[in-house]
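Here the structure is laid out as C-alpha cells; the discussion comes afterwards.
Order of the sequence lines sets the chain letters (A, B, ...), proteins ahead of strands, with each chain counted from 1. Please read these numbers as outputs of a predicted model, since none were measured by experiment. Below, each value reflects all heavy atoms present in this structure, side chains not excepted, and no hydrogens, waters or symmetry copies.
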Amino acid sequence: MPEPVGLRTAYAGSLNESNIGEVVKVCGWVNRIREHGEHLVFVDIRDYTGVVQCVIPRTENLHPEWVVQITGTVARRPEGTENDQLASGQIELHDPTVRILAQAEPIPFSLDDRVELDEATRLRYRYVDLRRSRMQRNLRLRSLVNAAIRRSMEEQGFVEIETPLLWTPTPEGAREFLVPSRTQPQNFYVLPQSPQIAKQLLMVAGFDRYYQIARCLRDEDLRADRQFEFTQLDLEASFVTQDDIHEFISHAIHTVVAAVSPGTTINIGKLTWREAMSRYGSDKPDRRFGAELNDVTGIFSNTSVKALSAKSVQAMVSPIALSRARLDELVERAKTLGAKGLLWLRVETTDGGLVLNSPVSKFLTDTEQHQLIDAVRANVGDTILMVADDWERAVAVLGQIRLGLGKQLASDDILDFFWVVDFPLFEGLDEFGTPISAHHPFTMPNEEDFALLDSDPLSVRSQSYDLVLNGWELGSGSIRIHESSIQSKVFQVLGIDEETARSRFGFLLDAFKYGAPPHGGFAFGIDRLSALLAGEENIRELIAFPKTQSGSDLMTGAPKQVAIEALAQLGLRPTAHAKD
RNA sequence: GGACCCGUGGUGCAGCUCGGAGUGCACGCCGGCCUGUCAAGCCGGAGGUCGCGGGUUCAAAUCCCGUCGGGUCCGCCA
C-alpha cells in the first residue's frame with residue numbers, strides 16, 4: 001500500500017500492534033456503528049485496505065457511509081476484546097477527533113458480500129457497488145494483471161504502440177460500431193473490432209515486436225463473457241514461428257499468474273483442433289472433468305436402428321446421475337442444438353453380466369451392446385449418451401451436452417491453460433459453396449496443405465491457434481500471409497476478387513509491396529483472463545462500468561437520443577424507425 | 001430473430017399450485033434503552049401503484065394475454 005499523504009497518516013487496514021502509542025489520522029467511510037449507550041460507541045472506519053475500530057466515548061453524530069477523518073491514538077484493545085478476524089483486531093483508536101468530510105444518505109443496498117444483489121440495482125448505483133470488497137478485489141486484481149502483462153512484454157522487448165480508435169470500415173467479421181464524420185458528412189469511421197490490420201502495418205514498419213493493451217469494440221449480442229467493448233493484450237512479431245509466439249504469450253501468462261496467485265504452478269499444454277473436437281466436442285474444451293467423447297461409428301455400421309444410421313455416432317458416459325426427467329430435457333436440448341435427437345442407455349446388471357436399458361436397447365444386438373459398453377468403458381449405473389449425425393454436428397452437440405453435465409464438477413482451483421492448434425483454414429461453405437475464413441483472410445495456411453487449397457480447401461489446416469483456459473477461449477492468433485502470391489490464392493478460394501480485395505484492404509496490400517517481413521501474432525482477452533483468475537463467471541464483475549445484455553448503461557442511461565440538430569450536423573436525420 | 005428464468009416497502013426473500021383485506025421473515029432506516037461490541041443486543045415506529053397495461057372474476061400479488069426491465073443460453077461474435 002502506498003505511503004499515506006494528505007489528510008491521512010495511516011491506512012485503516014495497515015494499523016497493528018506495532019503502531020501502539022502513535023497518534024494517527026485515518027480517512028475513509030464509516031463502515032459500521034455499534035452503540036452501547038452514551039459512553040461507549042464503536043465506529044469502524046473503512047478504506048480500501050480494511051477497517052479500524054475507533055472508540056468514541058460520547059455520541060458523535062455519525063451515520064454509515066459518511067466520509068470522515070479520524071485523528072486518534074493507537075491503543076491495545078482490552079484483554080478479551082481482540083478480534084482475530086481483523087488485521088487491525090488487536091488495536092483500536094482512542095480519544096478520537098472526528099472531522100466529517102462528507103455526509104451521506106443511506107446507501108441503496110448493503111455492502112455485505114454475503115448478500116446476493118439484483119444486478120440491475122448494482123449497475124444503477126455502480127459507484128456504490130464498487131465499494132464492496134468483491135469489486136475492489138476484482139478491479140485491483142485486474143490492475144495487477146495489466147501491470148504483469150506490461151512487465152512481461154517490456155522484458156521481452158516489445159514496444160507499446162497505440163493504434164487509432166477511429167478506423168476504416170472492414171466489411172468482414174464482427175459488426176462494427178459506426179462513427180459518423182462531421183467534417184465529411186455521409187462518411188463514417190468505425191471503432192475497431194481489433195487492431196489487426198494496424199499491427200500488421202507496424203510489422204511492415206519494422207517495429208518487430210509490438211504490443212498494446214487495446215480496447216476492441218464489436219456490435220454483437222452480449223453474453224456473460226462478452227461486452228461491446230473489451231480489452232485485449234494484442235501483440236505481433238516479425239521473423240518468428242508459431243512456437244515463438246506461444247513462448248511470448250506463455251511468458252506473459254506465467255508472469256500474470258505469478259503476480260496474482262503466487263505459488264500456483266501452471267502448465268500450458270497443447271491439443272490439435274481435431275483432437276479437441278473429437279475428444280471433447282469443442283474447440284475450447286473444459287478439461288477439468290472427464291466424460292470424453294468416443295467415436296462408436298464402427299460398432300453401428302450394420303445397425304437396424306435408423307437413428308444410428310449416420311456418418312458418425314458419438315457416445316459418452318454421463319459424468320453425473322440422470323433422472324428420467326433430466327434425460328427428457330437433454331433430448332430436447334440436443335434437438336435445439338441441431339441434432340435429430342439424443343439416445344440414452346442405462347447400464348444395468350443381470351446374471352449374464354451388463355445389459356443396456358433404453359427405449360432402443362431391444363433393437364440393438366448383444367454384440368453392439370457389449371462393444372458399446374467396452375468402447376465407453378461404462379460400469380453398472382452409468383448412463384451412456386449418444387448422438388448420431390455428421391461428424392461435426394455429432395461431436396459438437398454431444399460436446400455441449402457434456403459441458404452442461406460436467407460443469408458443476410469442474411474445480412475453480414484448477415487453471416487449465418492449453419493451446420489449440422491446427423485449426424482448419426476455412427470453417428465451412430457459405431450458401432454459394434464458397435469457403436468461409438475461420439480466422440481472418442490473412443491467416444497463413446499450413447505449408448504442408450498448400451496443394452489442397454484447390455482440391456479440398458475444407459481440409460486445409462491453418463497456422464492459427466487459440467489459447468483456452470477452463471473452457472473459455474482466452475484468445476487467438478496466427479501466422480499471417482506476407483507473400484502476395486499466397487494472399488491472392490487465398491482470396492481466390494474465398495471468392496474475393498482482386499477489385500474487392502483492393503477496395504477493402506488496398507492499403508494493407510499496398511504496404512505489403514514495400515517489403516513485408518514474415519510475421520504473426522496473438523491477442524487474448526484481459527477481461528476473461530482476469531475473471532477466471534478472480535473466480536468470477538461473468539466479465540462484468542471485472543469491468544467498472546459494464547453494459548447490460550441489451551446494451552444499456554443503467555447508471556448513465558446510455559444509449560440516449562440526441563438533439564436533431566446534433567444529427568443534422570453529422571448529415572444524419574431520424575427515420576420512422578427511431579423510437580420516441 | 002428465438003428459448004428459458006426472474007421482477008413483492010431501501011435490500012434479500014417467503015406468499016403465487018389451490019384467487020378471499022398487502023399478510024410474514026431477515027437486513028437496513030428513524031426513535032428509545034444499553035460501558036466492550038465487531039453482521040452488537042433489547043424495545044418501539046415509519047416505509048408498498050406486488051414492474052407496467054389489459055382480460056377473466058363478486059374478488060387478482062396469485063389465473064390468462066400483452067408489454068417493459070434484468071439474467072442465462074441458441075443464432076451472432078472473421
Side-chain angles (χ1 to χ4, degrees), chain A residues 31-46 51-59 63-65 77-86 88-89 92 105-125 128-129 170-176 193-194 196-197 216-228 230 329 332-338 396-397 400 403-404 407 423 425-428 430 435-443 462 464 473 476 478 490 494 496 504-505 525 537-538 540 547-552 554 579:
Chain A
N31 196 51
R32 222 165 234 127
I33 300 169
R34 294 176 294 280
E35 222 178 333
H36 290 251
E38 212 182 324
H39 301 289
L40 183 64
V41 178
F42 299 106
V43 178
D44 292 338
I45 306 303
R46 180 189 77 243
V51 296
V52 66
Q53 171 169 288
C54 304
V55 184
I56 298 189
R58 63 187 187 287
T59 308
H63 295 273
E65 301 307 312
R77 292 194 185 188
E79 198 172 336
T81 67
E82 302 89 350
N83 184 346
D84 294 332
Q85 309 294 109
L86 287 180
S88 65
E92 58 195 11
E105 291 181 14
I107 52 173
F109 48 80
S110 168
L111 300 185
D112 195 324
D113 277 336
R114 286 168 294 201
V115 181
E116 278 293 323
L117 294 165
D118 176 48
E119 197 171 348
T121 311
R122 295 174 55 198
L123 292 178
R124 186 159 47 155
Y125 302 99
V128 173
D129 185 45
T170 46
E172 304 237 339
R175 188 181 301 115
E176 294 163 324
Q193 43 181 303
S194 85
Q196 178 60 39
I197 294 177
C216 305
L217 298 109
R218 297 180 186 174
D219 190 2
E220 299 287 353
D221 287 355
L222 284 58
R223 288 289 153 72
D225 61 351
R226 279 161 32 189
Q227 283 272 304
F228 284 151
F230 60 98
E329 287 171 20
E332 285 312 304
R333 168 103 174 122
K335 285 179 183 166
T336 65
L337 291 169
V397 170
Q400 286 279 337
L403 188 61
K407 200 142 205 178
F423 271 77
L425 187 63
F426 307 108
E427 65 179 8
D430 66 15
I436 304 162
S437 276
H439 190 53
H440 56 62
F442 319 114
T443 303
S462 69
S464 67
E473 181 195 323
S476 61
S478 63
V490 170
L494 287 169
I496 300 174
R504 292 183 187 176
F505 317 113
E537 292 177 348
N538 189 315
R540 294 188 299 275
K547 309 249 182 317
T548 67
Q549 193 158 37
S550 63
S552 299
L554 296 180
K579 285 191 212 160

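Remark: the separation of the P atoms in B/C65 and B/G28 is 41 Å, to the nearest Å. For the C1' atom pair drawn from B/C29 and B/U49, the interatomic distance equals 22 Å after rounding to whole Å. Only the C1' atoms considered, B/U57 is 10 Å distant from B/C63, to the nearest whole Å. With both ends at atom P, the span from B/G55 to B/A61 equals 15 Å, rounded to whole Å.
When heavy atoms are screened at a 4.0 angstrom cut-off, A/P78 is found touching base atoms of the nucleic acid. Contacts of A/R32 with the nucleic acid, taken as non-hydrogen atoms under 4.0 Å apart, involve only primed sugar atoms and P, OP1 or OP2. Within the 4.0 angstrom heavy-atom criterion, no nucleotide atom of any strand lies near A/E79. Residue A/T170 is out of contact with every strand shown, counting any heavy-atom pair closer than 4.0 Å. Across all strands, A/R540 comes closer than 4.0 Å only to sugar-phosphate atoms, never to a base (heavy-atom distances).
Contact annotation: the side chain of A/R46 approaches that of A/L111 to within less than 4.5 Å [non-hydrogen atoms, C-beta and beyond]. The closest side-chain heavy-atom distance from A/F228 to A/E220 is not below 4.5 Å. Residues A/H63 and A/E65 form no side-chain contact, since every pair of their non-hydrogen atoms from C-beta on lies 4.5 Å or further apart.
For A/R124, the CZ atom counts as loosely surrounded, since its 6.0 Å shell holds 12 or fewer non-hydrogen atoms of other residues, nucleotides or ligands.
Not a single donor-acceptor pair, N or O on each side, falls under 3.5 Å between the base of B/C77 and the side chain of A/R218. Residue side chain A/E220 does not reach the base of B/G75 through any donor-acceptor N/O pair under 3.5 Å, judged by distance alone. If you check distances only, the side chain of A/N538 never reaches the base of B/G71 with a donor-acceptor pair under 3.5 Å. Counting distance only, with no hydrogens placed and no angle test, the side-chain atoms of A/Q53 and the base atoms of B/U37 include a donor-acceptor pair under 3.5 Å. A donor-acceptor contact under 3.5 Å is not formed by the side chain of A/R333 with the base of B/C4. Between the base of B/U37 and the side chain of A/R77 there is a donor-acceptor pair shorter than 3.5 Å.
Between A/R114 and B/C13 there is no side-chain N or O to OP1 or OP2 distance below 4.0 Å. A close approach under 4.0 Å does not occur between any side-chain nitrogen or oxygen of A/N31 and OP1 or OP2 of B/A39. The phosphate of B/G28 has neither OP1 nor OP2 within less than 4.0 Å of any side-chain N or O from A/H63. Contact between the side-chain N/O atoms of A/T121 and the OP1/OP2 oxygens of B/G10 is not found at any separation under 4.0 Å. In this model, the phosphate group of B/A3 is not approached by any side-chain N or O of A/T336 to a distance below 4.0 Å at OP1 or OP2. Remark: A/T548 is not in phosphate contact with B/G69, judged by side-chain N or O atoms under 4.0 Å from OP1 or OP2.
Rounded to whole Å, atom C1' of B/A39 lies 17 Å from atom CZ of A/F109. Summarising the geometry, the separation between CD on A/E116 and P on B/C13 is reported as 9 Å, rounded to the nearest angstrom. Spacing between atom NZ of A/K335 and atom C1' of B/G75 amounts to 20 Å, rounded to whole angstrom units. In this structure, A/E332 places its CD atom 14 Å from C1' of B/C74, rounding to the nearest Å. Atom-to-atom, CG of A/L117 to P of B/G70 comes out at 17 Å; the value is rounded to the nearest Å.
For B/U57, there is no paired nucleotide, since no Watson-Crick or G-U wobble pair has both relevant distances below 3.5 Å. Base pairing of B/C13: its partner is B/G24, meeting the Watson-Crick or G-U wobble criterion (both donor-acceptor distances under 3.5 Å). B/G69 is paired with B/C6 under the Watson-Crick or G-U wobble criterion, all donor-acceptor distances under 3.5 Å.
For the pair A/D112 and A/R223, both in contact range of RNA chain B, the more 5′-proximal nearest nucleotide belongs to A/D112. Comparing A/R34 and A/H440 against RNA chain B, the residue whose closest nucleotide sits nearer the 5' end is A/R34.
Both thresholds, 5.5 Å between centres and 30° between ring planes, are met by A/H36 relative to the base of B/A40, so the two rings are stacked.
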